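Read through the structure below, which is laid out as structure tokens, and then see the notes.
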Amino acid sequence: MSIQYKILHTEKTAHDEEIWDVIWQDENTIITSSLDDQVKAWTFDPESGKISHKNNLLNNTQQTPHNLGVNSIDYSKQLEVIVTRSLDS
């Protein structure tokens with residue numbers, strides 16, 4: 001049995017470096033993390049299959065930014081918290 005996949009949308013400028021992790025926060029929100037030290041939220045429109053940038057969740061303006069890329073993210077629905085892990089921690 002083979003599984004068929006379909007590319008719904010490609011965002012060429014999603015991050016400045018490679019994306020290392022992607023999770024669904026809920027049915028319409030995608031969270032991405034990257035080697036560029038950024039964590040971003042995206043809105044997914046299931047009708048059109050399009051993804052649009054919602055906001056930056058982590059960036060270099062914070063007091064303790066990641067310095068070596070964010071390679072892992074997770075989300076707790078119960079606590080409504082997003083956690084990140086970086087090569088610098």
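The structure presented is a predicted model; accordingly, all values stated were derived computationally and were not measured.
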Ignoring hydrogens and angles, tell me if any N or O in the side chain of Ser86 forms a donor-acceptor pair with the backbone of Gly69 under 3.5 Å.
->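 At least one qualifying donor-acceptor pair exists.
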
Give a yes or no answer on whether the side chain of Lys40 reaches the backbone of Ala14 with a donor-acceptor pair at less than 3.5 Å.
-> yes

Output the distance between atom CD1 (Ile31) and atom CD1 (Ile23), rounded to the nearest 0.5 Å.
-> 6.0 Å

So OG1 of Thr84 and CG of Asp37: to nearest 0.5 Å the spacing works out to 10.5 Å

Taking the side chain as C-beta and beyond, is there a heavy-atom pair between [X] and [Y] under 4.5 Å?
X: Trp42; Y: His53; value: yes
X: Asn28; Y: Pro46; value: yes
X: Glu27; Y: Phe44; value: no
X: Val70; Y: Arg85; value: no
X: Lys54; Y: Ser52; value: no

Under the side-chain hydrogen bond (donor to acceptor under 3.5 Å, both in side chains) rule, what pairs show up with a residue in residues 12-21, not counting sequence neighbours?
->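 side-chain hydrogen bond (donor to acceptor under 3.5 Å, both in side chains) check on residues 12-21 returns His15-Thr32, His15-Asp36.
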
Residues which pass side-chain hydrogen bond (donor to acceptor under 3.5 Å, both in side chains) with Asp45, listed by chain and number, not counting sequence neighbours = Ser48

Can you name the residues that form a side-chain hydrogen bond (donor to acceptor under 3.5 Å, both in side chains) with Asp26, not counting sequence neighbours?
-> Thr29

Contact summary for Ser33 and Val39, nearest pair of heavy atoms =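 Minimum heavy-atom separation between Ser33 and Val39: CB-CG2, 4.2 Å.
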
Quick one: do Ile82 and Asp74 satisfy side-chain contact (heavy atoms from CB on, under 4.5 Å)? Show the steps, please.
-> CA-CA 6 Å; Ile82 296 171; Asp74 202 358; over 6 Å; no

Are the aromatic ring centres of Tyr75 and Trp24 under 6.0 angstrom apart?
->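 Judged by ring-centre distance (under 6.0 Å), Tyr75 and Trp24 do not meet the cut-off.
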
Are Val83 and Leu79 connected in the hydrophobic side-chain network, where two residues link if heavy atoms are under 4.5 Å apart?
->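 Val83 clusters together with Leu79.
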
